[in-house]
2 protein chains.
Amino acid sequence: MGVKERKERDRQEMRETILQSAHQLFVDKGFDDVSIRNIAEAIEYSPATIYLYFKDKNEIFYALHGEAFKRFNEFMGVLATIKDPFKRLIKMGELYMEFTFKFPQYYDIMFIMQAPMDCDKNSEEWKEGESAHCQLENVVKECQGHNYFKNKDYKTLSFLIWSTMHGMCSLALRDRLKIYEEAERSKMIDKSFKMFKQILSDL
Amino acid sequence: MGVKERKERDRQEMRETILQSAHQLFVDKGFDDVSIRNIAEAIEYSPATIYLYFKDKNEIFYALHGEAFKRFNEFMGVLATIKDPFKRLIKMGELYMEFTFKFPQYYDIMFIMQAPMDCDKNSEEWKEGESAHCQLENVVKECQGHNYFKNKDYKTLSFLIWSTMHGMCSLALRDRLKIYEEAERSKMIDKSFKMFKQILSDL
DNA sequence: TTATTAAAATGAACACTGTTTAGTAAATTT
DNA sequence: AAATTTACTAAACAGTGTTCATTTTAATAA
């Protein structure tokens, strides 16, 4: 009588297969440049089949959104080894940048792309995103226990830090640094991050 | 014998007509949600006609990109009345935010949208963009004459300031503040901008 | 004024897109 | 073996950016 169970497993397996193919394609080409037909071709099913497992392209977006955050959190795993909270915060910024330029398509889906962000706050995907943000707030709060960021609201400061990092990364990713000469352009991010570190340490 | 001249004028006029219709549509619906056919319908010409005046949709993007920066610079016009450079810098930030949320489609095209940014650096459009950035660097430099930002490279700091503003604005615009409760969400931008002002003044 | 030439505008098509639906084939239950 | 449920797909719909052969319009020459 395990038929229903097996069917359910098959269903999840199919969902996984679709997601894996979609994932690979998206990482290679970006969300907008991958069509349902592309995914269908990759898994050797008809396009209509995709719609038996996902409501629409946006639902695939959500799934990959969660996947991206999962990888992001894994990427941040190294932080656990750093005791000093301020050093950990700085390393966090460095990893943030590294992740951005290593996996631009992830970053895009996580923070830049327009998409109906009205997704379920109890979903697995959402929790991965929340966890990432929580880690930032926690490390900032922890810094305050080490005499950093005196008289600053940790939530507000966390958002400000995130904004700064996101600002630098997204401007670079979206090619808005062409106002700078080729030579200084490549150093701009490094220099401003260095200055940012300085500012934070003096805060 | 002014036939050629008139024809050239007609040509420019038609370009303007197309651009004006495109502009209105883009402001209302955003770049991606406006099709060549929409524009064609608005000006009561066939879609193919658009292509006699613009190479492709991207060329229209460039034109609007320039237009957006022009309006941005106009919007920043008030700054001229502010003598104190630091106050001017702060006002600049306030106006930046106001512009962002008043004209989200402009902001999108200026700083967020993916597009081949390999446009002509001598074009009118580009100069408008450069002028905006130049104004920021100038005001930061001027601040240094008033004992602000000691021992800081003004170019790097300018980029850092821009990044912070862009980070806050673009995260808000792209609905990435849903991690915060409804109540605090609306205040988040204000609070973090306030903190940012504080940090800058202590720099 | 008419015929010729040049310019401007377009209808129709191409190759795509996301998505829906009606109908087929296969697996499961009766 | 027949009936029913499930899984899948071909074909279509309405849209996209873009191109091109053809027609309409305007300017020039006879």
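No hydrogens, no waters, no symmetry mates; every other heavy atom, side chains included, goes into these values. Just so it is clear, the model here is predicted, and its values are computed rather than measured.
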Novice: Can you list the residues that meet the side chain to side chain contact (heavy atoms under 4.5 Å, CB included) rule with A:S201, with sequence neighbours excluded?
Specialist: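 Once residues adjacent in sequence are excluded, the partners of A:S201 under the side chain to side chain contact (heavy atoms under 4.5 Å, CB included) criterion are A:F86, A:Q198.
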Novice: Tell me which pairs pass salt bridge (charged side-chain N to carboxylate O under 4.0 Å, His left out) where either residue lies in residues 60-80 of chain B, with sequence neighbours left out.
Specialist: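 Only B:E67-B:R71 qualify under salt bridge (charged side-chain N to carboxylate O under 4.0 Å, His left out).
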Novice: Just how far, in rounded Å, is P of C:dA8 from CD of B:Q12?
Specialist: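 That distance rounds to 12 Å.
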Novice: Identify, residue by residue, the members of residues 39-52 of chain B with a heavy atom below 4.0 Å from DNA chain C, and return them in order of residue number, or none.
Specialist: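 Per residue number, the list reads B:Y45, B:S46, B:A48, B:T49, B:L52.
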Novice: Between protein and nucleic acid, restricted to nucleotides 12-16 of chain D and to nitrogen or oxygen atoms under 3.5 Å apart, what atom pairs and distances do you find?
Specialist:
unit_1, atom_1, unit_2, atom_2, d
D:dT16, OP1, B:S35, OG, 2.8

Novice: Does A:Y53 place a side-chain N or O at less than 4.0 Å from the phosphate oxygens OP1/OP2 of D:dA7?
Specialist: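 No, because none of the side-chain N or O atoms of A:Y53 sits under 4.0 Å from OP1 or OP2 of D:dA7.
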Novice: Side-chain atoms of residues 188-196 of chain A: list all donor-acceptor pairs with protein atoms under 3.5 Å, sequence neighbours left out, distances to 0.1 Å.
Specialist:
unit_1, atom_1, unit_2, atom_2, d
A:S192, OG, A:M188, O, 3.0
A:S192, OG, A:I189, O, 3.1

Novice: For residues 22-33 of chain A, which residue pairs qualify under side chain to side chain donor-acceptor pair (under 3.5 Å), counting only residues two or more places apart or in two chains?
Specialist: A:H23-A:Y106, A:Q24-A:D28
Novice: Could you check whether the rings of A:F75 and A:F103 sit parallel, tilted or perpendicular, using 30° and 60° as the cut-offs?
Specialist: perpendicular
Novice: Once salt bridge (Lys or Arg N to Asp or Glu O under 4.0 Å) is applied, do any residues pair with A:D202, and if so which ones, sequence neighbours excluded?
Specialist: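 Salt bridge (Lys or Arg N to Asp or Glu O under 4.0 Å) check on A:D202 returns nothing, list empty.
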Novice: Return each pair, listed once, that meets salt bridge (charged side-chain N to carboxylate O under 4.0 Å, His left out) where at least one residue sits in residues 128-142 of chain B; pairs must be two or more places apart or across chains.
Specialist: B:R88-B:E142
Novice: Between A:I18 (CD1) and D:dA7 (P), how many Å, whole number?
Specialist: 12 Å
Novice: If you look only at pairs with a residue in residues 35-53 of chain A, which of them pass as a salt bridge (charged side-chain N to carboxylate O under 4.0 Å, His left out), with sequence neighbours excluded?
Specialist: none
Novice: Could you check whether B:F31 and B:F61 have their ring centres less than 6.0 Å apart?
Specialist: yes
Novice: Under 3.5 Å, which donor-acceptor pairs link side chains of residues 15-22 of chain A to any protein atom two or more places apart or in another chain?
Specialist:
unit_1, atom_1, unit_2, atom_2, d
A:R15, NH1, A:Y53, O, 3.0
A:T17, OG1, A:E13, O, 2.8

Novice: CE of A:M14 versus C1' of D:dT9: gap in Å, rounded?
Specialist: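 Going from CE in A:M14 over to C1' in D:dT9 covers 12 Å.
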Novice: What is the distance, to the nearest angstrom, from the CG atom on A:N58 to the C1' atom on C:dG18?
Specialist: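 It works out to 11 Å between those atoms.
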Novice: Report for the helix from C:dT1-D:dA30 to C:dT30-D:dA1: angle between first-end and last-end helix axes, five pairs each, rounded to 10 degrees.
Specialist: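 Between the axes fitted at each end of the helix from C:dT1-D:dA30 to C:dT30-D:dA1 lies an angle of 30°.
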Novice: With sequence neighbours excluded, what pairs up with B:R185 under the salt bridge (Lys or Arg N to Asp or Glu O under 4.0 Å) test?
Specialist: B:E182
